[in-house]
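I have placed the structure first, in the form of structure tokens, so that the comments after it can refer back to it.
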Amino acid sequence: MHPEIILKPGKEESLLRHHPWVFSGAIAKMPQNIEEGDYVCVKASDGRILGTGHYQIGSITVRILEFNTDSIPEDFFYRRLQNAADLRKTLNLIRPDNDCFRLAHGEGDFLPGLVVDIYGDTAVMQAHSPGMHFERNRIAEALTRIRGINIRNVYYKSETTLPFKARLDPHNDYLVGGFDGNIATENGLQFNIYWL
């Protein structure tokens, strides 16, 4: 069971509309021992479960990952990333003459705090929240399993994207694979990508 954050009366309205942010001013009560990046369960003042997400110090205190539940499934990151890939396939962004695109765009793909760009067989991942930073290895593993995209390398590039107040000491480096070329194709044109 995750630590619980209780909202002030009436402050659940945005979450009922599936806006994924909980602002600090909406919180009535929360435990003192929560660490940045921890999973927390957010409840309305009447006890209703509104969702589960990552806790963070600051104005945006919680980024909701799953609504109406007090847990996160084991395959959460794989499912969300596969859904994002399926959408890009439907939009015709994934094709033989195009292997350069944004796979995950934070809240737009229901992955608040995460950005993933694809360049050929390399995924470049950025965490914008401590929670996503702590989950980086699970996310990298999920990226290598996505159907329809052949990801062999995952490069983590979050030294400048994480909140400066969070004492996380991130390092840009490969989480999976390594450097084996950096040619990507966009609309039939080949580019030498310098993601380092």
Side-chain angles (χ1 to χ4, degrees), residues 2 18 20-22 34-42 51-58 60-67 69-89 91 93-94 99-164 166-180 182 184 193 195-196:
H2 301 302
H18 286 192
W21 295 352
V22 176
I34 305 176
E35 299 286 338
E36 284 209 273
D38 283 354
Y39 284 104
V40 293
C41 176
V42 178
T52 298
H54 288 140
Y55 169 76
Q56 180 174 331
I57 295 170
I60 303 171
T61 305
V62 182
R63 295 171 191 260
I64 298 291
L65 300 175
E66 286 273 36
F67 289 93
T69 181
D70 62 356
S71 64
I72 300 293
E74 186 64 32
D75 66 346
F76 170 81
F77 291 108
Y78 171 75
R79 285 189 302 107
R80 288 286 164 88
L81 291 165
Q82 185 63 62
N83 288 344
D86 293 344
L87 175 61
R88 271 70 180 170
K89 185 76 171 171
L91 295 172
L93 293 175
I94 304 172
D99 61 10
C100 180
F101 54 91
R102 178 153 286 179
L103 173 65
H105 197 158
E107 286 77 359
D109 289 298
F110 308 103
L111 288 162
L114 179 68
V115 172
V116 179
D117 292 316
I118 305 298
Y119 302 103
D121 61 4
T122 298
V124 177
M125 176 174 45
Q126 288 186 336
H128 292 257
S129 71
M132 289 302 186
H133 171 72
F134 293 135
E135 292 286 13
R136 64 193 180 278
N137 291 310
R138 281 182 63 198
I139 296 166
E141 189 275 331
L143 284 166
T144 65
R145 295 191 295 125
I146 295 175
R147 297 182 316 276
I149 307 175
N150 183 28
I151 301 299
R152 297 190 316 159
N153 311 298
V154 179
Y155 187 74
Y156 187 62
K157 188 176 182 180
S158 299
E159 283 181 6
T160 60
T161 61
L162 285 162
F164 70 93
R167 296 187 182 116
L168 302 173
D169 195 27
H171 296 286
N172 294 345
D173 201 0
Y174 287 94
L175 299 176
V176 174
F179 184 83
D180 64 354
N182 57 345
I193 309 294
W195 57 76
L196 303 184

*R63 vs E107, side-chain contact (heavy atoms from CB on, under 4.5 Å): CA-CA, chis, key distance, verdict*: CA-CA 9 Å; R63 295 171 191 260; E107 286 77 359; 3.4 Å; yes

*Take Y55 and T61 through the test side-chain contact (heavy atoms from CB on, under 4.5 Å) and record every step on the way to the result.*
CA-CA 6 Å; Y55 169 76; T61 305; 3.4 Å; yes

*Residues Q82, D86; criterion side-chain hydrogen bond (donor to acceptor under 3.5 Å, both in side chains); working and verdict*: CA-CA 6 Å; Q82 185 63 62; D86 293 344; 2.9 Å; yes

_Residue pair N153, D121: steps toward the side-chain contact (heavy atoms from CB on, under 4.5 Å) verdict_ = CA-CA 6 Å; N153 311 298; D121 61 4; 3.5 Å; yes

*Could you walk me through whether R102 and L93 pass side-chain contact (heavy atoms from CB on, under 4.5 Å), step by step?*
CA-CA 9 Å; R102 178 153 286 179; L93 293 175; over 6 Å; no

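Within a 6.0 Å radius of NE2 in H18, other residues, nucleotides and ligands contribute more than 12 heavy atoms.
The nearest pair of heavy atoms linking S129 to L162 is O-CD2, 3.4 Å. Listed here is the closest heavy atom pair of E36 and I57: OE2-N, 2.9 Å. Smallest separation of non-hydrogen atoms from V154 and M125: CG1-CE, 4.0 Å. Looking at every heavy atom in both residues, C41 comes nearest to H2 through N-CB, 3.9 Å. When every heavy atom of T52 is checked against every heavy atom of S71, the shortest pair comes out as OG1-N, 3.3 Å. When all heavy atoms of P20 and F67 are compared, the closest pair comes out as CA-CZ, 3.9 Å.
With sequence neighbours excluded, no residue satisfies ring pair (Phe, Tyr, Trp, His ring centres under 6.0 Å) with Y78. F110 meets the ring pair (Phe, Tyr, Trp, His ring centres under 6.0 Å) test with no other residue; sequence neighbours excluded.
Summarising the geometry, atom OH belonging to Y39 is positioned 13.5 Å from atom CG belonging to D70; distances are rounded to the nearest 0.5 Å. To the nearest 0.5 Å, atom CG of residue D173 and atom NZ of residue K157 are 13.0 Å apart. Note that OG1 of T161 is 10.0 Å distant from NE2 of H133, once rounded to the nearest 0.5 Å. Atom CG of L143 sits about 6.5 Å away from atom CG of L103, to the nearest 0.5 Å. In this structure, R138 CZ and D75 CG are separated by 9.0 Å, a value rounded to the nearest 0.5 Å. Atom NE2 in H128 sits 12.0 Å away from atom CD1 in I60 (nearest 0.5 Å).
Two residues are said to be in side-chain contact when any heavy atoms from C-beta on lie closer than 4.5 Å; L87 and N83 fail this criterion. In this structure, I64 and W21 have side chains that are not in contact, with every pair of non-hydrogen atoms separated by 4.5 Å or more. Within the 4.5 Å cutoff, side-chain heavy atoms of F77 are placed close to those of L111. The shortest distance between side-chain heavy atoms of I193 and T122 does not fall below 4.5 Å. The shortest distance between side-chain heavy atoms of R80 and E66 falls below 4.5 Å.
Ring orientation note: the planes of Y174 and Y155 are nearly perpendicular, at an angle over 60° on the 30°/60° scale.
Checked by atom type and distance alone, the side chain of E159 pairs as donor or acceptor with a backbone atom of N172 at under 3.5 Å.
Tested against L81 for a side-chain contact (heavy atoms from CB on, under 4.5 Å), the candidates D109, I151, I149, I146 yield a single pass: I146.
Judged by a 6.0 Å distance limit and a 45° cone about the ring axis, R136 is positioned over the six-membered ring of Y156.
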